[in-house]
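Worksheet: the structure to be examined is printed underneath.
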Amino acid sequence: MIKKLILIAACISAAVFMTGCWSSREPKELAIVDSSLYDKLPDGSYKVTAEIMNPAGIGGAGMLGSGSGNKSPFVTFSGTGPSIREAIKCISLSREMKDFGQHNKARFLSERFARDGIAPFLDLIARERFTDEKPHLIVVRSENPEKIYDCMLGISSMPGDYIENLYKHQPADSAHGVFVTTLEFMKAYLTEGREPVAGLATIVESADRPSGNVGLTTGSGAGRSPVNYRIRYEGLAAFKDGRLVGFLDCEGAEAYNIIMGKAKAAFFTVPVGDGRSTVIDITESRCEIKSDIAGGKAVVKINVKASGNVSEEGSGIDITTSEGLKSIRRALEKQIEEQLSKTVNKVQNELASDIFGFGEFLHIQHPDKWRGIKDRWNDDYFPFAEVSVSVKTNIMTTGKIDKPISLPGEHK
Amino acid sequence: MRKKPLITSFQLVMMALGSALVFPYMFMPILNGPPANQDVWFVLILTLPYIIVINAPILFIMRRFRGRSAAETFEMIMGKPIGKTFAFFNVLFFIFCSTACMDITGLFIKIYFMSETPFWAIIVFLIVPLAYLSFKGAGAIGRSAPFLIMFLIFTIFFFFIFGIGKMDPKDLQPVLAESTFFDLNLGAFLTAARYSEILILFVFSFYLSKQANIIKAFGVALSVFAVCFMLILLPTIMVLGDEYARHSFSAYYSFAGQVEAFGFITRVQALFVLALFPVAILKVTMYNYMASHVLAGVLGAKSHRAFVIPFAAVSFAVCMIPVMQKTHTFLFLTSDRFFPFVILPVIFVIPVIMLIVYFFRRKKISAALMSKVPEGEDEAK
């Protein structure tokens, strides 16, 4: 009986006194990082800006992010140092809470930082305990990348959340942007025959009407002057050997998404003569890549199979007939082929970075040939590879109506 | 005198399984072993016949000496002085395993979760439940195992199912194109040489109910181990890629951090922590108990209990040596340069010697087996 009593007393004592340990952290004492920005300054030092959630400015009655009073939903802290880690440490000189990086949703990289090479940055992310590989990796194209924290964020309350919401919804509407997590970037960086890409955010002036929510339209500082720029998330940033080497615009990113089989929604305005056109929404695409070495040159065959629906018909072609659809399909295939070829050419000639992973396909399909050329792939083979593109499309549905509203001879 | 506790075949399988799964779950040494590429899943398949071959001598001895304690078996085959020496080697090996596993687990916790907690505190928190459970004996260990190991297995299936969306089979290609026959077999041999769980069956089969089939228990433990290991290995490679997985101390933990589904199943690596810690403690406990139990047999002590705390104290003291708290030590202990070569003499060389001696002395041993009633164990159930 006495033993049982001692045991019960020990359990109660343990429950009371052992609620935490040396490494315990109370949520109220955490500075929860929502996004972070990495920059390289002209003097060679690093600057890291952390966007920290401000619980007092988030939530409340009514709308998302309506906040309490006039408080901003986030604050930013910056630190500089000779290394990235020291710059992060420097933030703690002015921030009173313990940082918590596991809720970080986006890592923004300035163009300067990315061009300088991000291998030490990747090493830090993989090595440190307070970081993880989930956040999206995005290059910010702007002279002043810190503006990203002053941009209009639609109805999201914080830049990190804004990117997360874009990731959830943009791919269903457009293939003009790419979303790459830190892990995906790291995998591509470490994979033989593939170079990584990152998302691209450009800060542009805007005349759009802001939401009016407190803190949302005025960036990090409630009470600042109303912002007149916003984030345009389209295109991609291409890397080679861990350094940013260039960008692809929205059409290039769309081609990239199609070749990588990631396009869930791609709209093509297909010209069919007389300045008229039909819009096809590609909802599904699959791509098969065959890579080989023949005659001392790399030969790559890209076969795309895509299916989609008629989204807008203004060509005057009767799409209820198979002939009508066939002519649109042919024009669509030609257009996609041209767009993919143009993008691949640009990547080969201007970026010289195998972001499509043609080398990886060669590695998988012909490992014996890959072994002999892998060290020369990037410089001697990829830029001079003969790439052929073949596209087959299938138009599945014509939407809620069959005959076009404006079919010649049938409308007033 | 109290009766010796009985453990069921299921409990024994769970004990061996849990001990075997802790290391793949925690740091997956197979990734960095030969051929160190995307073909390591094939190495795992090749490992199974190697395990069977390496464990065959000890399996034979176990079957032949069913119901005898480990110390008794050593003495019956090798004679008293050499038998005691062999048993003592086993004791040293068990203390080593207990200490190394404690150190590795402590370092893992320190690196990944509790960087600000002093290392000694982490080890103390491992040692307290270890000492309690080991003190209570085989029955308590056997009863704990199914609960803890079943949860560990549940997490393996859970991570696999909800990680499917992120897996890319391309990461397993090219298949068998870049691995030599020698590398594949060397990798399989080194992985098999780590499988010291046969010793758990050897020591704990003393408590196994008579109806239980020890060979079947071994087969079931090995089969489930292979399936679970494959379910750990494949998604890790297909999500992280073999190159990044090799860079990571705990590739499976990194993979678990990527698992998410339906927008609300997210950050489920907490399950990893919940599953791993108790099973790691159980593994350390089992080795502490085995060391105590065999030494008690060697010295003719009535109970193993007198040795539990001293052995735990030895493990604690070794873990406190500064060099044992370094990453290099962690890497060395978990590498193929060390563990397999410590384990192999105990699970293969000594049993082979015993087997040879047994065949030379089998008539005498058989007579002794007929005349000597298996000993009991003064131990609480």
Side-chain angles (χ1 to χ4, degrees), chain A residues 7 10 14 18 20-25 98 100-105 122-123 125-135 164-165 167-169 181-194 196 260-262 288-289 291 357 360-371 374, chain B residues 37-39 108-122 124-125 128-129 132 163 166-179 236-251 253-260 263 266-270 273 327:
Chain A
L7 190 67
M18 294 168 67
C21 56
W22 278 270
S23 300
S24 69
R25 288 177 184 182
K98 187 83 185 162
F100 183 78
Q102 272 80 7
H103 281 290
N104 192 356
K105 299 182 184 79
L122 294 177
D123 187 277
I125 300 298
R127 195 177 296 280
E128 278 288 355
R129 196 175 63 91
F130 60 83
T131 57
D132 69 11
E133 301 95 342
K134 271 186 175 174
E164 183 73 5
N165 289 330
Y167 165 66
K168 282 179 189 163
H169 304 295
T181 64
T182 311
L183 176 69
E184 287 165 342
F185 188 95
M186 205 125 41
K187 253 177 93 172
Y189 177 69
L190 291 169
T191 301
E192 283 183 358
R194 176 182 292 279
M260 303 309 290
K262 288 180 177 173
E288 188 188 28
I289 296 174
S291 198
E360 188 188 4
F361 281 99
L362 181 66
H363 180 198
I364 290 170
Q365 291 158 5
H366 302 282
D368 45 337
K369 292 181 182 174
W370 173 252
R371 217 168 292 141
K374 65 178 181 181
Chain B
N37 61 23
Q38 67 282 359
D39 292 332
F108 178 73
I109 294 171
K110 177 92 178 159
I111 291 168
Y112 274 87
F113 308 106
M114 298 181 178
S115 60
E116 290 152 33
T117 307
F119 191 64
W120 66 263
I122 295 171
V124 165
F125 273 91
V128 171
Y132 177 74
K166 295 203 166 184
M167 294 180 206
D168 184 0
K170 202 146 58 75
D171 288 317
L172 296 175
Q173 295 174 300
V175 178
L176 298 179
E178 298 177 320
S179 312
T236 303
I237 297 175
M238 287 195 283
V239 171
L240 301 185
D242 75 289
E243 191 66 44
Y244 184 52
R246 278 204 300 279
H247 275 75
S248 181
F249 277 167
S250 178
Y253 178 71
S254 298
F255 157 71
Q258 297 295 321
V259 172
E260 55 187 4
T266 179
R267 303 194 184 277
V268 287
Q269 61 268 49
V273 179
T327 304

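In what follows, chains are A, B, ... by sequence order, proteins preceding strands, each numbered from 1. What you see is a predicted model; the values in this text were computed from it and never measured.
- With a 4.5 Å cut-off on non-hydrogen atoms, B/L240 touches chain A through its backbone and its side chain both.
- Note on B/K170 versus A/E360: salt bridge recorded, some NZ/NE/NH1/NH2 to OD/OE distance being below 4.0 Å.
- In this structure, the portion of A/R371 lying under 4.5 Å from any heavy atom of chain B is its side chain and not its backbone.
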Practice task
Show the numbers, then the answer: is there a side-chain contact (heavy atoms from CB on, under 4.5 Å) between B/E243 and A/E192?
Solution key: CA-CA 10 Å; B/E243 191 66 44; A/E192 283 183 358; over 6 Å; no
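- Looking at heavy atoms from C-beta onward, B/T266 lies in side-chain contact with A/K134 at the 4.5 angstrom threshold.
- When heavy atoms are compared at a cutoff of 4.5 Å, B/F113 approaches chain A solely by way of its backbone atoms N, CA, C and O.
- Of the atoms belonging to B/Y112, it is backbone heavy atoms, and not side-chain ones, that fall under 4.5 Å from chain A.
- Using a 4.5 Å cut-off between heavy atoms, B/V175 makes no contact with chain A at all.
- Judged purely by atom type and a 3.5 angstrom limit, B/R267 uses its side chain to pair as donor or acceptor with the backbone of A/Q102.
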Practice task
Given side-chain contact (heavy atoms from CB on, under 4.5 Å), test A/K187 with B/D171 step by step and report yes or no.
Solution key: CA-CA 10 Å; A/K187 253 177 93 172; B/D171 288 317; 2.6 Å; yes
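- For A/L183, the part lying near chain B is the side chain, with the backbone staying farther off; criterion is any non-hydrogen pair under 4.5 Å.
- B/D242 does not touch chain A: none of its heavy atoms, backbone or side chain, sits under 4.5 Å away.
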